[in-house]
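Before any comments, here is the structure.
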Amino acid sequence: CFIYQFCRGTGGSQGDWFPNINERDDGIDTVSWIHSQPWCDSLGYWGLSYAALTGWAFADAAKGKVDSMFLLHYGTDRFTSAYHKGLFHHDILTGWSMQNAGWPVTADYKESCLYMPHLAVDEALWGGKLPWYRDYITNEYPEDDYWQQGWWKQLRDIPSRVEIPLYIVSGWYDHHHESTMKTWSRLNPAAKEMSWLEIGGWNHGLLPVLEDKATDRLDNVEVAKALHWFDLTLKQKQIPSKRIRYYVPGKDCWM
């Protein structure tokens with residue numbers, strides 16, 4: 001069976017859409033229901049980007065229900081993904097927020113990035129107030145309570161409590177890469193010994209960006225990786241051994 005869950009308030013799902021907040025409880029409820037079904041022998045979780053966030057959101061509560069997880073292109077240190085060297089990631093979070101406001105936003109992206117005062121860009125250009133976007137842009141330092149308390153603090157601590165095998169994929173040119181590496185470093189040592197980390201020569205969409213270099217061995221097929229991982233952990237019911245694998249840009253090889 002393959003089950004795809006839409007986040008609350010999206011894709012025709014009931015409820016109100018508010019990013020990040022309901023994902024832990026809803027994820028736990030869903031996997032608990034699946035696990036209780038007579039047709040469920042073993043269960044794996046697969047997600048890329050925000051769908052990896054929804055997996056990380058309950059990864060520390062997955063033991064006994066989820067046998068393994070395949071998580072691509074997301075790290076649990078949200079501040080690191082939101083700000084880089086003191087600058088807010090307009091290229092990521094402004095664009096994403098415009099696409100996921102909960103209603104159609106037709107404003108120009110560049111004009112939105114340049115709008116001043118930026119705190120008012122949502123009501124001025126996007127057609128409504130987005131409190132969660134305002135939280136992003138007004139909490140500019142990692143020491144701010146917004147990042148050190150509540151959900152973002154809880155998410156950052158989850159890797160240290162994980163007890164199942166994980167296949168974690170990142171890319172050298174993915175905006176979540178630094179956060180993903182911090183997540184791997186915080187992973188529970190016991191879980192790390194049965195998990196894989198892979199860093200490829202691609203961007204957030206698993207696409208090559210080395211236009212002047214050979215990429216014949218890029219190995220960027222997500223589905224093939226997922227099937228291999230779940231065949232090992234769900235069908236063969238094996239506990240993997242730790243593996244770290246990374247692509248060497250310019251040499252078109254893996255180490």
Side-chain angles (χ1 to χ4, degrees), residues 2-4 42-56 59 62 66-78 80-82 84-85 89 91-93 95-96 99 158-159 162 164-255:
F2 181 82
I3 298 174
Y4 191 103
S42 55
L43 174 60
Y45 184 95
W46 174 2
L48 182 150
S49 192
Y50 195 92
L53 168 277
T54 58
W56 278 116
V66 179
D67 294 272
S68 71
M69 305 181 95
F70 180 46
L71 304 172
L72 305 90
H73 296 181
Y74 199 93
T76 59
D77 193 313
R78 185 56 165 171
T80 301
S81 294
H84 184 66
K85 296 182 179 180
H89 261 305
D91 54 334
I92 306 305
L93 286 180
W96 189 90
Q99 293 173 344
I158 282 175
V162 171
I164 62 172
L166 305 175
Y167 186 174
I168 300 172
V169 175
S170 188
W172 292 122
Y173 310 101
D174 175 29
H175 59 274
H176 281 299
H177 179 57
E178 185 180 357
S179 177
T180 301
M181 296 307 296
K182 289 185 175 183
T183 300
W184 173 261
S185 71
R186 295 168 181 155
L187 195 61
N188 178 356
K192 189 180 290 186
E193 288 301 315
M194 53 183 173
S195 295
W196 293 356
L197 172 66
E198 184 170 301
I199 308 168
W202 48 64
N203 61 14
H204 193 65
L206 285 159
L207 299 174
V209 293
L210 297 161
E211 296 181 356
D212 59 338
K213 305 292 183 182
T215 54
D216 298 327
R217 298 181 177 88
L218 198 63
D219 190 20
N220 59 332
V221 182
E222 176 189 359
V223 175
K225 297 178 190 295
L227 293 178
H228 177 60
W229 174 251
F230 290 129
D231 181 77
L232 179 70
T233 58
L234 304 186
K235 295 183 71 176
Q236 299 182 41
K237 300 186 184 298
Q238 293 188 21
I239 301 297
S241 297
K242 183 171 73 171
R243 187 186 83 174
I244 299 176
R245 182 172 179 257
Y246 62 93
Y247 181 81
V248 184
K251 294 185 177 180
D252 196 28
C253 69
W254 290 84
M255 301 283 286

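For the numbers below, each heavy atom of this structure counts, side chains included, while hydrogens, waters and symmetry mates do not.
- The shortest non-hydrogen separation linking Tyr247 to Arg217 is CE1-O, 3.8 Å.
- The six-membered or imidazole ring of His73 lies near that of His204, with a centre-to-centre distance under 6.0 Å.
- Side chain of Thr76 to main chain of Thr183: no donor-acceptor pair is present (N/O by atom type, distance under 3.5 Å, no hydrogens or angles).
- Summarising the geometry, atom CD belonging to Glu198 is positioned 3.5 Å from atom NZ belonging to Lys225; distances are rounded to the nearest 0.5 Å.
- In this structure, a donor-acceptor pair under 3.5 Å is present between the side chains of Glu222 and Trp46.
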- Please walk me through it: do Met69 and Trp56 pass side-chain contact (heavy atoms from CB on, under 4.5 Å)? CA-CA 9 Å; Met69 305 181 95; Trp56 278 116; over 6 Å; no
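- Atom NE2 of residue His84 and atom CD1 of residue Ile92 lie 11.5 Å apart, to the nearest 0.5 angstrom.
- Residues Leu234 and Ser42 share a closest heavy-atom pair of O-OG, 3.4 Å.
- In this structure, Ser195 OG and Ile239 CD1 are separated by 10.0 Å, a value rounded to the nearest 0.5 Å.
- For the atom pair His177 NE2 and Thr80 OG1, the distance stands at 12.0 Å (nearest 0.5 Å).
- Taking the ring centroids of His175 and Trp96, they lie at or beyond the 6.0 Å cut-off.
- The CE atom of Met255 sits 12.5 Å away from the CD1 atom of Ile199 when rounded to the nearest 0.5 Å.
- Considering every non-hydrogen atom in both Asp174 and Ser170, the closest pair reads OD2-OG, 4.3 Å.
- For the pair Ser81 and Ser179, the tightest heavy-atom approach, listed with the atom from each and the gap, is OG-CB, 3.3 Å.
- When every heavy atom of Val162 is checked against every heavy atom of Asn188, the shortest pair comes out as O-ND2, 2.9 Å.
- Not less than 6.0 angstrom separates the ring centroid of Phe70 from the ring centroid of Trp229.
- At least one donor-acceptor pair closer than 3.5 Å links the side chain of Asn203 to the backbone N or O of Leu207.
- In this structure the side chain of Leu187 reaches within 4.5 angstrom of the side chain of Pro159, judged on heavy atoms.
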- Task: Would you please test Tyr167 and Thr233 for side-chain contact (heavy atoms from CB on, under 4.5 Å) and show each step?
- Result: CA-CA 10 Å; Tyr167 186 174; Thr233 58; over 6 Å; no
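- Other residues, nucleotides and ligands contribute over 12 non-hydrogen atoms within 6.0 Å of the NZ atom of Lys237.
- No donor-acceptor pair closer than 3.5 Å links the side chain of Lys192 to the backbone N or O of Lys242.
- Once rounded to the nearest 0.5 Å, the distance linking OH of Tyr246 with CG of Leu197 reads 11.5 Å.
- A pairwise comparison of heavy atoms in Leu218 and Trp254 identifies O-CZ2, 3.0 Å as the closest pair.
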- Task: Show your working on side-chain contact (heavy atoms from CB on, under 4.5 Å) between Tyr45 and Leu43 and close with a plain yes or no.
- Result: CA-CA 7 Å; Tyr45 184 95; Leu43 174 60; over 6 Å; no
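- Screening Tyr173, Trp202, Trp172 for a side-chain contact (heavy atoms from CB on, under 4.5 Å) involving Val209 leaves a single residue, Tyr173.
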- Check the pair Leu210 / Thr215 against side-chain contact (heavy atoms from CB on, under 4.5 Å), numbers first and verdict last. CA-CA 7 Å; Leu210 297 161; Thr215 54; 4.2 Å; yes
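- One N or O on the side chain of Asn220 and one on the backbone of Leu206 form a donor-acceptor pair closer than 3.5 Å.
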